Amino acid sequence: MTSDDEKFMKRAIELSAKTALVDSAGGVFGCVIVSDGEIIGEGANRVVAENDPTWHGEIEAIRKACKKVGSFKLPRATLYTSAEPCPMCMAAAYWAGIEKVFYASTNADALEYGDFDDSMIYAELKKPVSERSIECVQILREDAVEVWKQYKNKADRVPY
């Protein structure tokens with residue numbers, strides 16, 4: 001860990017404190033994304049304030065960073081988050097091409113001090129689709145695949 005790593009993590013923790021303790025906007029989750037020593041995106045949990053279960057600090061920071069750099073990929077970026085990322089946020093980091101993730105508190109800390117429990121989600125994702133607690137029903141596959149076929153052959157398609 002470098003002094004810069006500590007500085008960026010402290011900023012993520014500041015964002016988590018503001019959103020949870022001052023704004024009462026959501027849980028104790030703040031995030032910054034850094035590229036070449038510069039913060040390119042910041043985010044904080046606003047699930048409660050926005051009535052949006054996807055408004056996590058990491059998601060907001062990734063959106064802002066991508067907008068700032070003009071790309072949906074952040075290949076040399078580092079994500080600093082005040083808490084271990086949930087499955088959604090970790091998946092978003094992979095999709096964005098984030099190079100490294102630093103986190104402060106653990107999932108166990110979030111459970112102990114905030115009653116945040118993602119263990120059910122981790123367990124559900126390990127199950128076959130047919131055994132998950134949210135019923136998943138496949139319909140109209142042929143119609144959807146037809147669009148995929150057109151997309152595959154689209155001359156100006158942007159790969160990602």
Side-chain angles (χ1 to χ4, degrees), residues 1-35 38-69 71-139 141 144 148 160:
M1 179 181 70
T2 68
S3 61
D4 279 347
D5 294 328
E6 190 172 314
K7 174 181 77 171
F8 295 132
M9 183 59 78
K10 284 184 183 222
R11 177 61 183 153
I13 293 169
E14 286 174 13
L15 290 166
S16 77
K18 183 178 184 304
T19 199
L21 305 176
V22 177
D23 300 340
S24 297
V28 188
F29 306 103
C31 179
V32 298
I33 297 178
V34 175
S35 185
E38 174 192 350
I39 294 176
I40 59 171
E42 292 188 340
N45 186 291
R46 294 190 53 80
V47 167
V48 174
E50 304 298 334
N51 294 315
D52 181 347
T54 67
W55 203 305
H56 291 198
E58 296 92 335
I59 300 297
E60 182 178 31
I62 288 169
R63 287 177 179 155
K64 288 179 176 178
C66 287
K67 188 169 218 139
K68 180 169 185 166
V69 302
S71 173
F72 54 83
K73 289 291 186 185
L74 303 168
R76 291 176 311 285
T78 301
L79 185 149
Y80 297 83
T81 181
S82 63
E84 189 174 353
C86 74
M88 176 183 69
C89 292
M90 198 65 221
Y94 278 108
W95 283 326
I98 301 277
E99 186 174 282
K100 191 171 192 175
V101 172
F102 285 91
Y103 64 94
S105 63
T106 65
N107 287 332
D109 296 326
L111 176 59
E112 181 176 352
Y113 301 110
D115 298 319
F116 288 91
D117 187 3
D118 293 336
S119 62
M120 184 276 291
I121 298 170
Y122 286 105
E124 284 289 303
L125 293 175
K126 290 180 184 178
K127 294 178 184 177
V129 172
S130 63
E131 295 176 19
R132 294 180 184 164
S133 63
I134 294 177
E135 184 179 5
C136 297
V137 181
Q138 183 180 30
I139 62 172
R141 178 176 181 262
W148 276 110
Y160 63 97

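None of the values given here were measured: they were computed from a predicted structure.
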Check this for me: Glu131, atom CD, are more than 12 non-hydrogen atoms of other residues, nucleotides or ligands nearer than 6.0 Å? yes

For the pair Val28 and Tyr113, evaluate side-chain contact (heavy atoms from CB on, under 4.5 Å) and give the outcome as yes or no after the intermediate values. CA-CA 10 Å; Val28 188; Tyr113 301 110; over 6 Å; no

Distance from Met88 atom CE to Ile59 atom CD1, nearest 0.5 Å? 4.5 Å

Looking only at heavy atoms, the pair that brings Phe29 and Thr19 closest together is O-CG2, 3.8 Å

Residues Cys31, Leu79; criterion side-chain contact (heavy atoms from CB on, under 4.5 Å); working and verdict: CA-CA 7 Å; Cys31 179; Leu79 185 149; 3.6 Å; yes

With no hydrogens and no angle check, is any side-chain donor or acceptor of Arg46 less than 3.5 Å from a backbone partner on Ala25? no

List the steps and the verdict of side-chain contact (heavy atoms from CB on, under 4.5 Å) for Glu60 and Lys64. CA-CA 6 Å; Glu60 182 178 31; Lys64 288 179 176 178; 3.3 Å; yes

Point-to-point distance, once rounded to the nearest 0.5 Å, from CE of Met90 to CD1 of Ile98: 9.0 Å

Lys127 atom NZ, neighbour heavy-atom count above 12 within 6.0 Å: yes

Look at atom OH of Tyr103 and say whether more than 12 heavy atoms of other residues, nucleotides or ligands are closer to it than 6.0 Å. no

Would you mind reporting whether Val34 and Asp4 have side-chain heavy atoms less than 4.5 Å apart? no

Would you give the length of the straight line joining atom CD of Gln138 to atom OG of Ser130, rounded to the nearest 0.5 angstrom? 12.0 Å

Determine whether a donor-acceptor pair (N or O, by modelled atom type, separation under 3.5 Å) exists between the side chain of Glu58 and the backbone of Ala93. no

Indicate whether the side chain of Ser119 and that of Asp117 have a donor and an acceptor atom separated by less than 3.5 Å. yes

Between CG of Leu111 and CZ of Phe116, what distance do you get to the nearest 0.5 Å? 10.5 Å

Interatomic spacing from CG in Leu15 to CG in Asn45 - rounded to 0.5 Å: 11.5 Å

Evaluate the ring planes of Tyr80 and Phe8, with Trp represented by its six-membered ring, and classify them as parallel (under 30°), tilted (30 to 60°) or perpendicular (over 60°). tilted

Whether Lys73 side chain and Trp95 backbone form a donor-acceptor pair below 3.5 Å: yes

Asp118 side, atom CG; Cys86 side, atom SG - distance, nearest 0.5 Å: 5.5 Å

Taking the side chain as everything from C-beta on, heavy atoms only, tell me whether Ile39 gets closer than 4.5 Å to Val32. yes

Closest approach of Val48 to Ser24 (non-hydrogen atoms, all atoms of both residues): CG1-O, 4.2 Å

Salt bridge (Lys or Arg N to Asp or Glu O under 4.0 Å): which pairs involve residues 10-24, sequence neighbours left out? Glu6-Lys10, Arg11-Glu14, Arg11-Glu42, Lys18-Asp23

Kindly say whether Arg132 contributes a backbone atom to a donor-acceptor pair with the side chain of Glu124 at under 3.5 angstrom? no

What are the two closest non-hydrogen atoms of Pro87 and Leu125, and how far apart are they? CB-CD1, 4.0 Å

For residues Cys136 and Val129, report the shortest heavy-atom separation together with the two atoms involved. CB-CG1, 3.5 Å

Does Ser105 use its side chain to pair, donor to acceptor, with the backbone of Ser82 at less than 3.5 Å? yes

